[in-house]
Structures are given as C-alpha cells and as structure tokens.
Amino acid sequence: ELRVLSEDETEVYWGEGAFGFCSALERVVIPEGVKAIQMQTFVYCTSLTSVELPSTLETIDQLAFAFCSALPEVEIPASVTAVAYGAFGMCESMEKVTVNNAQCVIDDYNGMTFPEQAVIYGYANSTAQTYAETYGREFVALDEEEKILYSGECEEGLSWTLSSLGILRISGEGRLTKIIFNSTAYD
C-alpha cells in the first residue's frame with residue numbers, strides 16, 4: 001500500500017528487490033547520501049510516475065526500474081558513473097532519458113537498458129550519444145546550440161519561431177485567436 005517514498009524515510013533499506021512489485025508506489029525521492037540502487041529495487045512498480053535521484057548516486061544496477069510501465073521520464077545525475085543492463089528496460093511510457101554524465105558507462109548488449117521509444121538526451125560525443133546511435137534511438141545533445149529553423153507571423157503584433165531543440169516561441173503583444181496548421185485554421 002506504500003504510495004510515496006521520500007527522503008523522510010531515513011531508515012529505508014534501498015537494496016536488491018526492496019520495493020519490487022510494489023504496484024501502489026507512485027513517487028520516489030531517493031535521499032542524498034544513497035550511492036547505489038541495487039538490482040531490481042523498483043522492478044514492476046507499475047504505478048510509479050516520478051523518480052528523483054540524488055546527486056550522490058553513483059550506480060544504477062540491473063533491472064533497477066525495469067517494467068515501471070507508468071514512468072514517463074528519468075534524469076540521471078552527473079554523479080552516476082554506471083547504468084547496468086536493463087535498468088530502465090520495458091518502461092512502456094518512458095519518453096525521455098537524460099544522462100548528465102558524458103562518460104557514464106551504459107552497460108548493454110541488445111538495446112534493453114533504456115526503452116526503444118525514449119528519446120535520449122546527453123552531451124555530444126558522450127556515451128549516451130553512442131548508445132543512441134548504436135541502437136537507432138533519437139538523440140538530443142544537451143550542449144547543442146539552439147538554432148531557429150522556422151519563423152513567421154501569427155497575427156498582427158505576434159510572431160513565432162521553431163528552434164532546432166523543438167521549442168516553439170510565440171512573442172509580441174496581441175491576442176492569439178487563430179492557429180493555422182497544415183492549411184487548416186483553428187479558432
């Protein structure tokens with residue numbers, strides 16, 4: 001019945017399989033000081049939608065968050081030096097994985113450490129980029145310089161830009177009352 005696991009849980013065992021199959025668990029905040037998440041610690045936590053990893057974390061072991069089918073994204077801190085095979089495998093809802101350590105070892109042999117639908121964010125020429133290229137995943141460089149790809153006018157007094165980072169900006173003063181997409185106007 002545990003739904004939220006937070007840093008207030010100071011006497012928690014974070015070891016192998018500790019919270020596996022806890023289907024009610026929705027949110028995890030791992031406290032500072034924790035250096036490793038052991039094998040299958042959160043495996044099959046199917047309601048898990050939010051994970052906050054501490055800046056002290058160094059390793060994420062095999063299948064640590066595997067089959068967490070509701071988890072939409074994960075940000076791996078720069079302190080993490082290794083992510084083991086299948087750590088986030090089969091997370092069906094995961095759309096985004098951010099790897100903040102350019103040299104983080106991502107242990108894999110068949111593309112199962114991160115889900116195939118997830119976009120991998122990391123630094124250019126990093127192990128995250130190598131992983132994405134090796135397994136045919138979309139990669140976005142965190143250190144990429146933003147470039148304006150498209151621009152135009154929305155309505156009087158309003159303009160828009162779409163950047164290489166996928167950011168749409170609408171600027172100016174006025175009222176946006178109509179959007180035109182693929183020659184179709186929406187009021």
Where Val97 and Ala118 come nearest, the two heavy atoms and their spacing: CG2-CB, 4.0 Å

For Pro115 and Cys91, work out which heavy atoms get closest and say how close. CG-O, 3.4 Å

Check: [Y] main-chain N/O paired with [X] side-chain donor or acceptor under 3.5 Å:
{"X": "Thr59", "Y": "Ala82", "answer": "no"}
{"X": "Asp143", "Y": "Ala124", "answer": "yes"}
{"X": "Arg137", "Y": "Phe114", "answer": "yes"}
{"X": "Ser47", "Y": "Ser23", "answer": "yes"}
{"X": "Ser126", "Y": "Ala128", "answer": "yes"}
{"X": "Thr56", "Y": "Gly33", "answer": "yes"}

Hey, what do you get for [atom1] ([X]) to [atom2] ([Y]), rounding to the nearest 0.5 Å?
{"X": "Phe88", "Y": "Phe65", "atom1": "CZ", "atom2": "CZ", "result": "5.0 Å"}
{"X": "Asn101", "Y": "Thr127", "atom1": "CG", "atom2": "OG1", "result": "6.5 Å"}
{"X": "Glu95", "Y": "Leu71", "atom1": "CD", "atom2": "CG", "result": "11.0 Å"}
{"X": "Gln117", "Y": "Ser93", "atom1": "CD", "atom2": "OG", "result": "7.5 Å"}
{"X": "Ser79", "Y": "Lys35", "atom1": "OG", "atom2": "NZ", "result": "10.5 Å"}
{"X": "Glu16", "Y": "Ile37", "atom1": "CD", "atom2": "CD1", "result": "13.5 Å"}

NZ/NE/NH1/NH2 to OD/OE distance under 4.0 Å, Lys96 and Glu75: no

If you define the side chain from C-beta out and look only at heavy atoms, does anything of [X] sit under 4.5 Å from [Y]?
{"X": "Leu53", "Y": "Ile60", "answer": "yes"}
{"X": "Met94", "Y": "Val74", "answer": "yes"}
{"X": "Pro77", "Y": "Asn100", "answer": "no"}
{"X": "Met90", "Y": "Met112", "answer": "yes"}
{"X": "Tyr131", "Y": "Asp108", "answer": "yes"}

Would a hydrophobic clustering, with Ile, Leu, Val, Met, Phe, Trp and Tyr connected at side-chain separations under 4.5 Å, put [X] with [Y]?
{"X": "Leu168", "Y": "Leu158", "result": "yes"}
{"X": "Phe139", "Y": "Tyr135", "result": "yes"}
{"X": "Ile76", "Y": "Leu57", "result": "yes"}
{"X": "Phe21", "Y": "Leu48", "result": "no"}
{"X": "Met39", "Y": "Phe67", "result": "no"}

May I ask you to check whether over 12 heavy atoms, not counting those of Glu58, lie within 6.0 Å of atom CD? yes

Start with the C-alpha gap between Val83 and Thr113, add the side-chain angles, then the distance that decides, and say whether side chain to side chain contact (heavy atoms under 4.5 Å, CB included) holds. CA-CA 8 Å; Val83 178; Thr113 297; 3.7 Å; yes

Regarding Gln103 and Thr81, is there a side-chain donor-to-acceptor distance under 3.5 Å anywhere? no

Between Val99 and Tyr121, is a side chain to side chain contact (heavy atoms under 4.5 Å, CB included) present by the stated rule, with each step listed? CA-CA 6 Å; Val99 181; Tyr121 289 76; over 6 Å; no

Thr161 vs Tyr150, side chain to side chain contact (heavy atoms under 4.5 Å, CB included): CA-CA, chis, key distance, verdict: CA-CA 6 Å; Thr161 60; Tyr150 305 100; over 6 Å; no

